[in-house]
Enquirer: 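Following this message is one structure expressed as structure tokens.
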There are 2 protein chains.
Amino acid sequence: MSPAAVVLTEERILDAAEDVLRRFGLAKATVVDVAKVLRVSHGSVYRHFPTKVALRDAVARRWLDRIIKPLDPSLDTAGPAAERLLRWLQRLAAIKQGMALEDPELFATFSQLTAEAREVVAAHVDHLAAQLTQIIADGIETGEFARTDAVTAGRAVLYATARFHHPLHAAEWADPAIHDDLTAVWKLLVNGLGTSP
Amino acid sequence: MSPAAVVLTEERILDAAEDVLRRFGLAKATVVDVAKVLRVSHGSVYRHFPTKVALRDAVARRWLDRIIKPLDPSLDTAGPAAERLLRWLQRLAAIKQGMALEDPELFATFSQLTAEAREVVAAHVDHLAAQLTQIIADGIETGEFARTDAVTAGRAVLYATARFHHPLHAAEWADPAIHDDLTAVWKLLVNGLGTSP
DNA sequence: TGGCTGACAATTATTGAAATCTGTCAGCTG
DNA sequence: CAGCTGACAGATTTCAATAATTGTCAGCCA
């Protein structure tokens, strides 16, 4: 192997950690396992991450960032803001619900992981709310929505749709009505955004 | 003791079961413990409840029914429907959040208990949605809200406010912004109800 | 005779000794 | 000499033997 292929980077450690989490689950994944995948002593892992918690937080951060990326509102600016909002909400719901359906065990592992990474989740929520805020601000700009505080409205929309994207509610996603339920909530919300308070 | 004081009723068993849950928590509460409180053999408890799960479901049902009672919309019909809606939501949030704050351990016990009693919870959710539907129907009647399907709207409002009353979100209730967040969501929702789709 | 008891089989939980894990660091090595 | 190793202390987890629990039912007794 060339030296470059062997350099121990945070990236490689995170890949290995994800691999171990996938295979063993949160409860059984150890730092020693991660090091074993990398054919390295576990002391080397501690050279890059001060504690196991820091490593787990980093895995959670990367996972959540991957969810955020395809949602960026600047990737989908066509049509009225109300419909962009629906598409955004449906996309977020589809990402989470899709993972939960495809591989429930892996989804449960990552859900637990993030639940224990409070600060990381807070940043993720801020990021999601900011994306909603952008769509709402665009809608206000074009006169489609009434003038209001877009930041507050963004957070409110995120909170009001928690049932459809928050991992805590994963058990409820088995209900086939879940898609229509989201549409019903969206209708109320965009009507609310359309009128002056 | 007079015989009447000694008759083993479902009521007395539920009281004892609640007592045991309070003291030992869900994980450690056994049917033998419940029988011990009643100074009776555990076989006698099985005369009234076919399984431990049935007993737990009954405790959950009674607990949830106690939450429902003070929320009945016919107990508070003053003022515009929008404000009745806010009061109802705030009352529900206050009941749950109050329990979670006063005795987090007990709240966690009962939350787990209900989480495992899926059918009982479904009935509870139906009941809550029906109460919201009534308030919304009243609002439509008086012309305050636009004509719409009050049943769908009732469920949508309940789902949209899940963050503020669903025990899954109890950890988020420590945030002092939670009260304002509910108000923000309510504002969006009642605006949405006020306009025709 | 209706309601209760208590012994019993099968399953599930507890326990404590042994094994493993986390986090550190002195020293090795390429 | 920067980066890695591997032994170590203290904390946590595993595992298998032991105990308790769930659910049943034949018989007791008021």
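Quick caveat, the model's predicted, so the values are computed rather than measured. First the proteins, then the strands, lettered A, B, ... as listed; each starts at 1.
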Enquirer: Say you draw a straight line from CG of A:L92 to CZ of A:F164; how long is it, rounded to the nearest 0.5 Å?
Expert: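 Here the interatomic distance stands at 11.5 Å.
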
Enquirer: For A:V32, report the nucleic acid contact type (base, sugar-phosphate, nothing); a contact means any heavy atom under 4.0 Å.
Expert: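 The answer is base, as A:V32 lies within the cut-off (heavy atoms under 4.0 Å) of a base atom.
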
Enquirer: Taking NE2 from B:H48 and P from C:dG3, how many angstroms apart are they, rounded to a whole number?
Expert: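 About 8 Å, once rounded to whole Å.
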
Enquirer: What integer distance in Å separates B:H42:NE2 from D:dT21:P?
Expert: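 Roughly 10 Å, once rounded to whole Å.
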
Enquirer: For a quick check of understanding: with a heavy-atom distance under 4.0 Å over all strands, which category does A:T30 fall into, base, sugar-phosphate or nothing?
Expert: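 Sugar-phosphate: the residue A:T30, judged by heavy atoms under 4.0 Å, touches backbone atoms but no base.
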
Enquirer: Atom CZ of B:R39 to atom P of C:dG6: distance rounded to whole Å?
Expert: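 Atom-to-atom, B:R39 to C:dG6, this comes out as 14 Å.
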
Enquirer: From the set D:dT14, C:dG23, C:dT14, return the single nucleotide nearest to any side-chain atom of B:K28.
Expert: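 Of all the options, the side chain of B:K28 is nearest to C:dT14.
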
Enquirer: Find which nucleotide of DNA chain C each of B:G43 and A:V31 is nearest to by heavy atoms, and output the residue with the more 5' nucleotide.
Expert: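 Going by which nucleotide is closer to the 5' end, it is B:G43.
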
Enquirer: Round to the nearest Å and state the distance from A:E10 atom CD to D:dG3 atom C1'.
Expert: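 Going from A:E10 (CD) to D:dG3 (C1'), I get 15 Å.
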
Enquirer: Give a yes or no answer on whether the side chain of B:D33 reaches the backbone of B:T30 with a donor-acceptor pair at less than 3.5 Å.
Expert: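 Such a contact is found between B:D33 side chain and B:T30 backbone.
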
Enquirer: Whole-Å distance between C:dC4 C1' and B:R12 CZ?
Expert: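 My rounded result for the distance is 13 Å.
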
Enquirer: Which residue lies toward the 5' end of DNA chain C, B:A27 or A:K36, if each is placed at its nearest nucleotide?
Expert: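 Checking each residue's closest nucleotide, the 5'-ward one belongs to B:A27.
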
Enquirer: Could you check how far CG of A:L8 sits from P of D:dT5, rounded to whole Å?
Expert: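 Going from A:L8 (CG) to D:dT5 (P), I get 8 Å.
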
Enquirer: Of A:S44 and B:K52, whose closest DNA chain D nucleotide lies nearer the 5' terminus?
Expert: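 Mapping each residue to its closest nucleotide by heavy atoms, the 5'-most match is A:S44.
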
Enquirer: For the helix from C:dT1-D:dA30 to C:dG30-D:dC1, what angle separates the axis at the start from the axis at the finish, each from five pairs, in steps of 10°?
Expert: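 Its terminal axes enclose an angle near 20°.
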
Enquirer: So if I apply the side-chain hydrogen bond (donor to acceptor under 3.5 Å, both in side chains) rule between A:W88 and each of A:E83, A:Q134, A:Q131, which one comes out positive?
Expert: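 Answer to the side-chain hydrogen bond (donor to acceptor under 3.5 Å, both in side chains) test with A:W88 among A:E83, A:Q134, A:Q131: A:Q131.
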
Enquirer: Looking only at side chains, do A:D180 and A:T183 share a donor and an acceptor under 3.5 Å apart?
Expert: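 Absent: no donor and acceptor within the cut-off.
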
Enquirer: Return the value, rounded to whole Å, for the distance between atom OH of A:Y46 and atom P of D:dG6.
Expert: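 It works out to 17 Å between those atoms.
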
Enquirer: Please name all residues satisfying ring pair (Phe, Tyr, Trp, His ring centres under 6.0 Å) with B:H169, sequence neighbours left out, ordered by chain then number.
Expert: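 Per chain and number, B:H169 pairs via ring pair (Phe, Tyr, Trp, His ring centres under 6.0 Å) with A:H166, A:H169.
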
Enquirer: Without swapping roles, check the side chain of A:R12 against the backbone of A:V7 for a donor-acceptor pair under 3.5 Å.
Expert: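 Yes; judged by distance alone, with no hydrogens or angles, the pair exists.
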
Enquirer: Return the value, rounded to whole Å, for the distance between atom CG of B:L55 and atom P of D:dT22.
Expert: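 These atoms are roughly 10 Å apart.
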
Enquirer: For the residue pair B:L14 and B:F49, establish whether any side-chain heavy-atom pair is separated by less than 4.5 Å.
Expert: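 Touching, per the 4.5 Å side-chain cut-off.
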
